[in-house]
Colleague: 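Structure in structure tokens, see below.
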Amino acid sequence: MKPELPEGFTEEQIKDILEHYETQTEDEAVNEDEAALALEETLMQVPLELVADVRALIAKRQAKH
């Protein structure tokens, strides 16, 4: 049985993402994390049933800017 892909992703995109993180050095990973923090963004856990709502709120906010 083939695993289900996340909505909006192709198998090729998933492979590219996996390769990026599997070949990344520890320093590269730290630099990537620090760059994300500089964007004034955060990571958080969101219940799956709320993901679409959160994405819609983000899109609505970005459309205003």
Side-chain angles (χ1 to χ4, degrees):
M1 182 174 166
K2 192 173 182 177
E4 208 172 299
L5 297 175
E7 186 177 329
F9 284 88
T10 66
E11 188 171 341
E12 187 64 32
Q13 289 172 311
I14 299 297
K15 286 179 182 179
D16 289 345
I17 292 167
L18 286 172
E19 181 181 351
H20 170 79
Y21 288 107
E22 289 175 348
T23 60
Q24 186 176 57
T25 67
E26 188 173 332
D27 285 341
E28 290 170 332
V30 169
N31 289 338
E32 188 174 47
D33 290 346
E34 288 175 349
L37 292 173
L39 296 174
E40 296 184 12
E41 295 181 358
T42 189
L43 300 174
M44 61 188 296
Q45 290 181 316
V46 176
L48 290 175
E49 65 269 12
L50 297 178
V51 170
D53 295 332
V54 171
R55 285 183 177 160
L57 286 170
I58 292 169
K60 185 176 178 180
R61 184 171 190 270
Q62 288 175 337
K64 289 181 181 179
H65 293 97

Colleague: Looking only at atom types and distance, does a side-chain atom of Q62 sit under 3.5 Å from a main-chain N or O of A59, one as donor and one as acceptor?
Modeller: no
Colleague: Measure the spacing between CD of E32 and CG of D27 and express it to the nearest 0.5 Å.
Modeller: 13.0 Å
Colleague: Counting only heavy atoms from other residues, nucleotides and ligands, does the tally under 6.0 Å from CG of L43 exceed 12?
Modeller: no
Colleague: To the nearest 0.5 Å, what is the distance between CG (L50) and CD (Q45)?
Modeller: 13.0 Å
Colleague: Once you round to the nearest 0.5 Å, how far does CG of L39 lie from CD of E34?
Modeller: 12.5 Å
Colleague: Are any of the side-chain heavy atoms of I58 and R55 separated by less than 4.5 Å?
Modeller: no
Colleague: Does E19 form a salt bridge (charged side-chain N to carboxylate O under 4.0 Å, His left out) with K15? I'd like the steps, not just the answer.
Modeller: CA-CA 6 Å; E19 181 181 351; K15 286 179 182 179; over 6 Å; no
Colleague: What is the minimum heavy-atom distance between D53 and E49, and which atoms define it?
Modeller: OD2-O, 4.3 Å
Colleague: Y21 versus E28: any side-chain heavy-atom pair under 4.5 Å?
Modeller: no
Colleague: Do you know the tightest heavy-atom contact between G8 and Q13?
Modeller: O-OE1, 3.6 Å
Colleague: So if you build clusters from Ile, Leu, Val, Met, Phe, Trp, Tyr with side-chain heavy-atom gaps below 4.5 Å, do L57 and V51 land together?
Modeller: no
Colleague: Hey, are the side chains of L18 and I14 touching, using non-hydrogen atoms and a 4.5 Å cut-off?
Modeller: yes
